[in-house]
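Written below as structure tokens is the structure these notes are about.
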2 protein chains.
Amino acid sequence: MHDSLKLSRLKSDFKSCTRVLSAIGDETRQLILFTLIDAGCDGMRVGEITAQTHLSRPAVSHHLKILKNAGIVEVYKVTTMNYYYLDPSSKLMDLKKLIAGLEDLLIVSQ
Amino acid sequence: MHDSLKLSRLKSDFKSCTRVLSAIGDETRQLILFTLIDAGCDGMRVGEITAQTHLSRPAVSHHLKILKNAGIVEVYKVTTMNYYYLDPSSKLMDLKKLIAGLEDLLIVSQ
DNA sequence: TTCAGTGGTTCAAGCATTTAAACCGATTGC
DNA sequence: GCAATCGGTTTAAATGCTTGAACCACTGAA
């Protein structure tokens, strides 16, 4: 494959990963991710995350919105309760393709 | 392997990747990366990057510092000229381990 | 209908990041 | 020495992000 084609694919891979990257590059959101992993597949409510961390409820709500926007977490409702969980078919896995493309370009062209 | 061990490894993987993640999550720094990839193994000077982008020299210098700090780019001096290039044994490759750990935890526990 | 629980949103304050102008030292050519 | 090039750094302004208080709507139980 031509290097210019590889580069343009890398650019579009980066584009589709930018939200994910900046979402998980933040330590506060990493903390929320770890808390959600602990919770397992049932997910976790905003109030529970607030209780297990040093974060306020609006802060948790805010960061969950960013994680949801990035395609990393999902939510389901039970009456008034919102359960957040890690999406297994998550945008996180798009990073695999990005890293592979980067590796290819780094190894070949250096 | 126990899930709690997996989680604590994931935490330390995240810790060592946080700088890289927030470095490449930024569109301006992505642009600089693309420009450096185009440059190939010889690297590129700050002035050249400034000329090929819409960025000012202090901005380029600032973002290169962040990329260098994250272990993504390296630099070599020729008299007064600083040539920046992508480090092939880059911290970028640490992301592979992080993604693998994430995938493992997401697939097993969901 | 009243009340407690849940959680999203708005807002203003505080903080961090980004930027360009200006400045600096170092090096090279004349 | 002098001027020009190179590029790092400092500064101040602007912009953006994060946060908690306060507020809102919705649901279910009594």
With a cut-off of less than 4.0 Å, is there a side-chain N or O of A:Tyr84 near OP1 or OP2 of C:dG8?
yes
Step-by-step side-chain contact (heavy atoms from CB on, under 4.5 Å) determination, B:Ile24 to B:Leu92:
CA-CA 9 Å; B:Ile24 66 175; B:Leu92 278 173; 4.0 Å; yes
To the closest 0.5 Å, what do you measure between OG1 (A:Thr28) and NE2 (A:His62)?
9.0 Å
Taking B:Arg57 for its side chain and B:Thr50 for its backbone only, find out whether a donor-acceptor pair lies under 3.5 Å.
no
Restricting to ring-ring contact (aromatic ring centres under 6.0 Å, His included), what partner residues turn up for B:Tyr76, sequence neighbours left out?
B:Tyr83, B:Tyr85
Within the 4.0 Å heavy-atom criterion, would you say A:Thr79 contacts the bases, only the backbone, or no part of the nucleic acid?
sugar-phosphate
Looking at B:Met81, is its backbone amide N or carbonyl O close enough to the side chain of B:Arg45 to form a donor-acceptor pair, meaning the two atoms are under 3.5 Å apart?
no
Return no unless some side-chain N or O of B:Lys65 is found under 4.0 Å from OP1 or OP2 of D:dT9.
yes
Test side-chain contact (heavy atoms from CB on, under 4.5 Å) on B:Glu48 and B:Thr35; report intermediate values, then the result.
CA-CA 10 Å; B:Glu48 295 176 307; B:Thr35 310; over 6 Å; no
With sugar-phosphate taken as primed atoms, P, OP1 and OP2 and all else as base, the protein-contact string of nucleotides 13-21 of chain D at under 4.0 Å (heavy atoms; B, S, -) is -----SBBB
If you apply the rule side-chain contact (heavy atoms from CB on, under 4.5 Å), what do you find for A:Met93 with B:Leu106, and how did you get there?
CA-CA 10 Å; A:Met93 288 310 119; B:Leu106 284 183; 4.1 Å; yes
Between protein and nucleic acid, restricted to nucleotides 4-6 of chain D and to nitrogen or oxygen atoms under 3.5 Å apart, what atom pairs and distances do you find?
{"residue": "D:dC6", "atom": "OP1", "partner": "B:Arg45", "partner atom": "NH2", "Å": "3.2"}

A:Tyr83 side-chain N/O to C:dT6 phosphate OP1/OP2 under 4.0 Å:
no
Spacing between B:Leu64 atom CG and D:dT9 atom P, to the nearest angstrom:
12 Å
Grab the two heavy atoms, one from B:Gly25 and one from A:Leu21, that are nearest each other, plus how far apart they are.
CA-CB, 3.7 Å
